[in-house]
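Computed over heavy atoms, backbone and side chain alike; hydrogens, waters and symmetry mates excluded. First the proteins, then the strands, lettered A, B, ... as listed; each starts at 1.
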There are 2 protein chains.
Amino acid sequence: MKRIIQYYAEGIKELIAIDCIIFGFDQNELKLLCFKRIVEPEAGGWSLLGSFIQHDESLDQAAKRILFKLTGLDNVYMRQLYAHGEVDRDPGARVISISYFALINIQDRDHQLIEDYGAKWFSISNLPKLVLDHQSMVDYALKILKKEAKYKPIGFELLPEKFTLPRLQSLYEAMYQKNIDNRNFRKSILKAGILEKLEEKERHSSKRGAYFYRFNKETYQELTENGYYLDIVV
Amino acid sequence: MKRIIQYYAEGIKELIAIDCIIFGFDQNELKLLCFKRIVEPEAGGWSLLGSFIQHDESLDQAAKRILFKLTGLDNVYMRQLYAHGEVDRDPGARVISISYFALINIQDRDHQLIEDYGAKWFSISNLPKLVLDHQSMVDYALKILKKEAKYKPIGFELLPEKFTLPRLQSLYEAMYQKNIDNRNFRKSILKAGILEKLEEKERHSSKRGAYFYRFNKETYQELTENGYYLDIVV
DNA sequence: GCAAAAGTGTTAGAACTACACCCATGC
DNA sequence: GCATGGGTGTAGTTCTAACACTTTTGC
């Protein structure tokens, strides 16, 4: 018993924060939700959403709590990204920060709530200067987002439940920052067999109207269980 | 200034450990280096190499230090894997553990030194029961290893500088746990243009002897800078 | 001379890429 | 009737996957 105490007592404790990299998709642009930092150092600068973890919650729980508490956003796709541990990454104190990325569907959410917290959506092609090492966190998140969106259906998290193919394509174009041939894109995404075509049409963005589709999670899970691997042409 | 102190003072500090998942390749098998745990709980069980970080070192530095100090292994390929933060993952205390995976070339190393530390190589297909959540760390590392070895030349870290194609193939077969067609494998790996054929032959494993090859890091870097993406057939 | 591992090419089918026009509708 | 965005098919090329025999040499 003495040994336990000695072993764990010799370890040094550090502050542990979570930083949330929150992506959204709006007006055919990939966006990042940034917050006004209210503490020194760099108070007033644009920042990722961040806070310290609590003693009785896991990292994942902490990430969810922080996102919910400070934005009201719930039930959001989140994934741990990286543990950032440079000694001097935060001049205020030594803080180990675990970054998470979150993908949210902008339309569904309460814009007012977000603004109440001094938050603002920025297009990723036009980000403000971010505090501390947050820019490098975002760069890494974008790299991972690109990598994963091709092989996992995470892109759908950025869209409302019903979406059109032109809109889905536009999302991929925003993520990869390139034009995609619409015939090839449609073939590839429809061949995957994970989209359900609905009767209904979206009528705002064109006269002809585009059919709504829905991502079929069940089909996707069945397919992956049988060794199928999604691969979207981009 | 008061605000700084308040902000950082409200954060809770936790123990932060590094756990190293050390892979090697020997006798045509992928192996994991395990250590006898000397502290409770689960003293005597097989464990990954782990220790707490220090206040004045980054996570990467800590991982390197721990690996070197406890095995004498230096200049090793290491990469951060994941931050494991379940509240009760270690019954001894709340510990956030950052896992790293390391790829080492077994032949180069001092087996004696490793044994002095109560360490032992286990084939990944025959691992002992591991303490705490270390098995899940290893499972995850294997998943990432497979994913990366196809697209990044990390496999070479597991081999000595000079190696033969049959041996390289055998490494890939061990990683992916499947047989690979030798004609296709050779075509694919040679086409990549990152191997240098040497004059010399390896004469131990066959009468005919197999040519040695060397991984050409410079060529690889040039290629990747020009947007080239490695893709080895497995 | 034979056993044991190293080395070598081809072909059919699948997947990828590039490319241009008609359709439906609101105004 | 025309402007706007939605929707569709094909052909050449490349990549993939499956397959079996010859070479070298130590014993």
Side-chain angles (χ1 to χ4, degrees), chain A residues 25-29 149-151 159-160 162-174 176 178-214 223 227-234, chain B residues 25 27-29 149-151 159-160 162-174 176-214 223 227-234:
Chain A
F25 179 62
D26 199 14
Q27 291 162 313
N28 295 338
E29 284 197 296
K150 192 168 161 59
Y151 300 111
L159 295 174
K162 300 189 293 184
F163 51 84
T164 66
L165 291 187
R167 184 137 173 90
L168 181 62
Q169 178 173 344
S170 154
L171 166 59
Y172 274 84
E173 288 177 332
Y176 291 93
K178 66 184 242 197
N179 296 329
I180 302 173
D181 181 280
N182 70 329
R183 286 162 289 191
N184 293 339
F185 180 77
R186 280 165 168 268
K187 255 181 289 178
S188 142
I189 196 91
L190 291 175
K191 195 187 59 177
I194 54 177
L195 293 190
E196 219 176 294
K197 187 176 183 173
L198 306 180
E199 296 289 304
E200 198 185 350
K201 277 187 167 185
E202 195 275 327
R203 296 250 169 227
H204 298 291
S205 55
S206 80
K207 292 156 191 165
R208 178 175 178 174
Y211 283 105
F212 276 120
Y213 284 77
R214 181 171 19 201
L223 286 171
Y228 165 85
Y229 220 51
L230 178 63
D231 190 358
I232 297 170
V233 168
V234 286
Chain B
F25 179 62
Q27 289 162 314
N28 294 338
E29 284 196 298
K150 191 168 161 59
Y151 300 111
L159 294 173
K162 298 187 295 183
F163 52 83
T164 66
L165 291 187
R167 184 136 174 90
L168 181 62
Q169 178 174 343
S170 155
L171 165 59
Y172 273 84
E173 287 177 332
Y176 290 93
Q177 296 283 303
K178 68 184 242 196
N179 296 329
I180 302 172
D181 182 279
N182 70 330
R183 287 162 288 190
N184 293 340
F185 180 77
R186 280 164 169 268
K187 254 180 290 179
S188 142
I189 196 90
L190 290 176
K191 195 186 59 173
I194 54 176
L195 293 190
E196 219 174 295
K197 187 177 184 174
L198 306 180
E199 296 289 303
E200 199 184 350
K201 277 187 167 185
E202 195 276 326
R203 295 252 168 224
H204 297 292
S205 54
S206 80
K207 291 156 191 163
R208 180 173 176 177
Y211 282 104
F212 276 119
Y213 285 76
R214 181 171 22 200
L223 286 170
Y228 164 85
Y229 220 53
L230 178 63
D231 190 359
I232 296 169
V233 169
V234 285

- Quick one: label A/S205 by what it contacts on the DNA or RNA (base, sugar-phosphate, nothing), any heavy atom closer than 4.0 Å. sugar-phosphate
Over how many whole Å does the gap from [X] atom [atom1] to [N] atom [atom2] extend?
X	N	atom1	atom2	value
A/E202	C/dG26	CD	C1'	14 Å
B/K201	C/dA4	NZ	P	19 Å
B/N184	C/dA6	CG	C1'	16 Å
A/Y211	D/dG7	OH	C1'	10 Å
A/I189	D/dT8	CD1	C1'	17 Å
A/K207	C/dC22	NZ	P	19 Å
A/I180	D/dG6	CD1	P	15 Å
B/R208	C/dG1	CZ	P	20 Å

- Task: State whether the side chain of B/E173 and the backbone N or O of B/I180 hold a donor-acceptor pair below 3.5 Å, judged by distance alone.
- Result: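 Here the side-chain-to-backbone pair exists.
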- Task: Would you name the heavy atoms of A/Y213 and A/L165 that are closest together and state the gap between them?
- Result: CE1-CG, 3.5 Å
- Note on the structure: Note: B/R208 and B/K201 closest approach over all heavy atoms is O-NZ, 3.5 Å
- Nearest-nucleotide 5' precedence on DNA chain D, A/L165 against B/N182: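 In this pair, the answer is A/L165.
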- Side chain of A/K187 only, please: which of D/dA17, D/dG9, D/dG5 is the nearest?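 So the nucleotide nearest the side chain must be D/dG9.
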- Message: Among D/dG26, C/dG7, C/dT25, which nucleotide has an atom closest to any side-chain atom of A/R203?
- Response: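 Selected nucleotide (nearest to the side chain): C/dT25.
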- Most 5' of B/S206 and A/D181 on DNA chain C, judged by nearest nucleotide: B/S206
- Item | pair B/K150-B/D231: side-chain heavy atoms closer than 4.5 Å |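 Answer yes - side chains close enough.
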- Hey, does A/Q27 have a side-chain heavy atom less than 4.5 Å from the side chain of A/S170?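 No, every pair of side-chain atoms sits at 4.5 Å or beyond.
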- Has B/R186 got a side-chain N or O lying under 4.0 Å from the OP1 or OP2 atom of C/dG7?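 Looking at the OP1 and OP2 atoms of C/dG7, one of them is under 4.0 Å from a side-chain N or O of B/R186.
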